[in-house]
Amino acid sequence: MQDHLIFKNIIEKKTPANIIYQDETITAFKDIQPKAPVHILIVPNVFIASSNDIHKKNKWVIAHMFDIAVQIAKKENISQEGYRIVINCNKNGGQEINYLHMHLLGGAKLKSFS
Ligand code: 5GP
C-alpha cells in the first residue's frame, strides 16, 4: 500500500498532475498509468483512507464524487457508450494508495469481470 501523501500533494498542487476538475470538496485528475483511453481518478479533498471509512457524517462526499464522475463522463463523451466506476478497498480489493479514490474508466469496451 502506497502512502496517502501522493494524492494529498496532487490535491494541494505540490505534485504535478493533470487536474481536470476541482472544487472545495473533491479533485479529479488523469491517472498516471491509464488502464483505458479515459481513466480519471476522483478523490475527496479531506483525507478518507478507504471505503471502510465512509460513515454517516461524510457519506455525502461519495454522492458528490458520483455526481461529478457522471458529469465528467458526459464531458469526455463516454457516457452514451458507457463507462465503469470502481473503488478498490484494501489488499484483496487491489487498493494500492491509502487514500479513497474512485476510478472513472471508459472510451473502449472494458473487460468483463465474469
Ligand atoms: P488503486 O490501485 O489504489 O485503486 O489505484 C491507484 C491508481 O493511482 C493507479 O491506477 C495508479 O496508476 C494511480 N497513480 C499512482 N500514483 C499516481 C500519481 O503520482 N499520479 C497520478 N495521476 N496517478 C497515480
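For ligands, and for the atoms within them, numbers begin at 1 and follow the listed sequence. Just so it is clear, the structure is predicted and the values come from calculations on it, not from any experiment.
- Only side-chain heavy atoms of Ile10 come within less than 4.0 Å of ligand 1; its backbone N, CA, C and O stay farther off.
- When each atom of ligand 1 is checked for a heavy atom of Phe7 under 4.0 Å away, the hits are 8 (O).
- When non-hydrogen atoms are compared, ligand 1 lies under 4.0 Å from neither the backbone nor the side chain of Tyr99.
- The distance criterion of under 3.5 Å between nitrogen or oxygen atoms is met by Gly94 with respect to ligand 1.
- Remark: Phe29 CZ to Gln22 CD distance equals 10.0 Å, nearest 0.5 Å.
- Counting heavy atoms from C-beta outward, Leu100 and Pro44 have side chains that approach closer than 4.5 Å.
- Relative orientation of the Tyr99 and Phe7 rings is perpendicular, given thresholds of 30° and 60° on the angle between their planes.
- When non-hydrogen atoms are compared, ligand 1 lies under 4.0 Å from the backbone of Lys30 (N, CA, C, O) but not from its side chain.
- At least one donor-acceptor pair closer than 3.5 Å links the side chain of Asn58 to the backbone N or O of His55.
- Ligand 1 has a nitrogen or oxygen under 3.5 angstrom from a nitrogen or oxygen of Lys35.
- Summarising the geometry of Ile97 relative to Asp3, their closest heavy-atom pair is CG2-O, 3.9 Å, with the distance given to 0.1 Å.
- Panel note: side chain Arg84, backbone Lys111; a donor-acceptor pair is recorded below 3.5 Å.
- To the nearest 0.5 angstrom, Leu41 atom CG is 9.5 Å from Ile20 atom CD1.
- Side-chain atoms of Asn88 and His101 include no donor-acceptor pair closer than 3.5 Å.
- In this structure the side chain of Ile78 never reaches within 4.5 angstrom of the side chain of Glu81, judged on heavy atoms.
- Residues Thr27 and Asn45 have side chains that bring a donor and an acceptor to within less than 3.5 angstrom of each other.
- For atom 13 (C) of ligand 1, the nearest non-hydrogen atom of the protein is Asp31 OD2, 3.3 Å.
- Nearest protein neighbour of atom 17 (C) of ligand 1, counting heavy atoms only, is Ile32 CG2, 3.7 Å.
- At the shortest separation from atom 6 (C) of ligand 1 among protein heavy atoms lies His101 NE2, 3.5 Å.
- When non-hydrogen atoms are compared, ligand 1 lies under 4.0 Å from the side chain of Leu41 (C-beta onward) but not from its backbone.
- For ligand 1, the atoms sitting less than 4.0 Å from at least one non-hydrogen atom of Gln33 are 12 (O), numbered in the order shown with element in parentheses.
- Only the side chain of Asn88 comes within 4.0 Å of ligand 1, counting heavy atoms alone; its backbone N, CA, C and O stay farther away.
- For atom 15 (C) of ligand 1, the nearest protein heavy atom (residue, atom name, distance) is Ile97 CD1, 3.5 Å.
- For atom 3 (O) of ligand 1, the closest non-hydrogen atom on the protein side is Glu96 N, 2.6 Å.
- Among all non-hydrogen protein atoms, the one lying nearest atom 19 (O) of ligand 1 is Ile6 CG2, 3.7 Å.
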